[in-house]
Amino acid sequence: MLHIKPILSSLMRSKSAPVLLLLQIILSVAIVANASFIINERLSLMQRESGYLEEQILTFSVYNFDPAIDNIKQNEVDQLILRALPNVIDASYSNMLPLSGSGWMDRWVDSPNEDTAKSTPGFAFYLGNEHLLNVMGAKLIAGRNFSADEINTNLDDSGMLALVSQPLAKAFWGDESPLGKTMYAGDQTVTIIGVVDKLQGAWVDHENFEYSVIQNIDFGGSSSNKSYMVRALPEHIPALEEAIRKALNTENPNRVLDNFQTLTELRSLTYSNHRLMATVLSIMVVLLLLITALGLTGMVMFNIQRRTKQIGTRRALGANKRDIIQYFMVENYLICIVGGVIGGMLALVLGQQLMSLYSLPMVPVIYPIISVIGLLVVTTFAVIVPAAKAANISPAMATRSV
């Protein structure tokens, strides 16, 4: 027998401590459920595959200060120098760096008729030559890459071609192949010649993060400042910075090379806020569970001292140690279950508020359930030690007059 009625009567006689503990459990479940959901969301975002060989890609920026420089010619020469370096697999200009938090976005329409044209979702807009796909290490799953004679140098050139990411293709064309489709960017036509399996953009929190396009424009000659991506095996990356500096500065010393970073480092930096949030929330969850467990332990120890004679009397009347432990465990479970149910409902209400205010997904019901189960496990260990201590009180000592 669980003897729930005497337990409830005992709790009602001393309401303040159980009520405070109940409130603590309610808040703990509500906060832990939502925090756990946010942690899982952040970890899921951080674990997404980018589609790039991140550990093999070194990025850097070039700032030219010579006003007489021929930017188009310098861009071509620099890329040839980079590709000729020992241990370099490939190198290319790129107008934006993946996972960097900064870049270009665009969208197309499928008809020149404004009344009937349908627009694509916004996508990350990479500009590069025939080497860029290989530098990225992205997987071409349909169609072909650009050829050297198809590369443009200006945004308004004719003969525009593009590679699109598979998520973008599925979002706009569904199961239909995008190969050979003609799209429109203002008055300009763009023909799709290839589909890349995965190609993430620059903004990790953007809803269209997986939608990307590479267009056949080597735009490095348009400005004196530009960014390059160099691919090499991970073991050769550390020595590349010095080799690149030496080679490019030898060719033209009137410039600055800066911001050397691997794509892995860029990714880590970009996701740093997500990682910090997950860490802080994890610490908060642990502290809340610990505080709740200590609260229950304290209440049980207080009840043991207050009910010493009652425990001794029960032992004298035939109650064994198991009965005493069971009494305190049931008391713990009653408080936790009532608090857990109310806290679970509060967690869902709080989740709705977070969804409307911060555009977060709705908290699934499984998170409050898991939070309650976790709380029951933690509090079981917190209560069983003082309960066992109470069970060891001898009838003679408990009933002795003080």
Side-chain angles (χ1 to χ4, degrees), residues 37 40-54 94-128 132-146 155 160-217 219 263 266-267 270-271 274 355-356 358-362 364:
F37 174 66
N40 185 63
E41 285 289 300
R42 292 293 177 267
L43 293 178
S44 298
L45 291 177
M46 293 167 62
Q47 291 168 358
R48 293 176 295 183
E49 292 186 10
S50 65
Y52 307 101
L53 295 176
E54 299 172 21
S94 179
N95 65 313
M96 59 182 279
L97 300 178
L99 313 173
S100 64
S102 176
W104 295 24
M105 285 201 75
D106 204 354
R107 62 179 67 236
W108 296 326
V109 293
D110 62 357
S111 170
N113 188 333
E114 294 182 0
D115 296 329
T116 59
K118 181 183 176 184
S119 175
T120 65
F123 51 75
F125 191 44
Y126 291 98
L127 305 179
L132 183 58
L133 188 66
N134 186 42
V135 172
M136 291 175 165
K139 181 182 178 183
L140 190 68
I141 59 173
R144 65 177 180 85
N145 191 14
F146 313 125
L155 291 171
M160 289 299 178
L161 306 174
L163 311 175
V164 301
S165 65
Q166 187 179 35
L168 174 60
K170 284 190 172 293
F172 189 72
W173 289 282
D175 295 330
E176 185 181 358
S177 172
L179 296 180
K181 299 288 185 183
T182 299
M183 304 300 290
Y184 297 85
D187 296 330
Q188 194 175 57
T189 60
V190 182
T191 303
I192 299 173
I193 64 168
V195 179
V196 180
D197 182 31
K198 187 178 287 292
L199 201 68
Q200 292 180 341
W203 308 274
V204 297
D205 294 320
H206 199 282
E207 61 182 351
N208 296 348
F209 182 47
E210 303 288 346
Y211 302 164
S212 297
V213 165
I214 304 176
Q215 202 157 308
N216 60 328
I217 307 173
F219 209 51
L263 204 56
L266 267 177
R267 178 190 182 97
T270 303
Y271 279 111
H274 293 267
M355 181 178 65
S356 60
Y358 301 105
S359 300
L360 292 174
M362 182 60 188

* **Short side-chain to backbone donor-acceptor contact, Asp106 and Phe125, under 3.5 Å** => no
* Side-chain (Gln215) to main-chain (Met160) donor-acceptor, under 3.5 angstrom -> no
* **Closest non-hydrogen atom pair, Asn208 against Gly122** => ND2-O, 3.1 Å
Quiz: residues 178-192 side-chain donor-acceptor pairs under 3.5 angstrom, not counting sequence neighbours:
residue, atom, partner, partner atom, Å
Lys181, NZ, Glu176, OE2, 2.4
Gln188, NE2, Leu155, O, 2.7
Gln188, NE2, Asp157, O, 2.8

* Structure fact -> Scanning both residues in full, the closest heavy-atom pair of Asp197 with Pro167 reads O-CD, 3.7 Å
* To do: Grab the two heavy atoms, one from Ser165 and one from Val195, that are nearest each other, plus how far apart they are.
  => C-CG1, 4.4 Å
* Asked: How close do Ile193 and Phe146 get, heavy atom to heavy atom, and via which atoms?
  -> CD1-CD2, 3.7 Å
* To do: Report yes if the distance between the aromatic ring centroids of Phe172 and Trp108 is under 6.0 Å, otherwise no.
  => no
* Structure fact -> Residues at least two apart in sequence or cross-chain that pass side-chain contact (heavy atoms from CB on, under 4.5 Å) with Asn95, listed by chain then number, are Tyr93, Trp104, Tyr126, Leu127
* Asked: What is the minimum heavy-atom distance between Val204 and Arg48, and which atoms define it?
  -> O-NH2, 2.8 Å
* Sidechain-backbone polar pair: Arg42 side chain, His274 backbone, donor-acceptor under 3.5 Å -> no
* **Aromatic centroids of Phe209 and His206 separated by under 6.0 Å** => no
* Taking atom types as modelled and ignoring hydrogens, do the side chains of Arg107 and Tyr211 form a donor-acceptor contact shorter than 3.5 angstrom? -> no
* **Residues that Ser102 engages under side-chain contact (heavy atoms from CB on, under 4.5 Å), provided they are two or more places apart** => Ser100
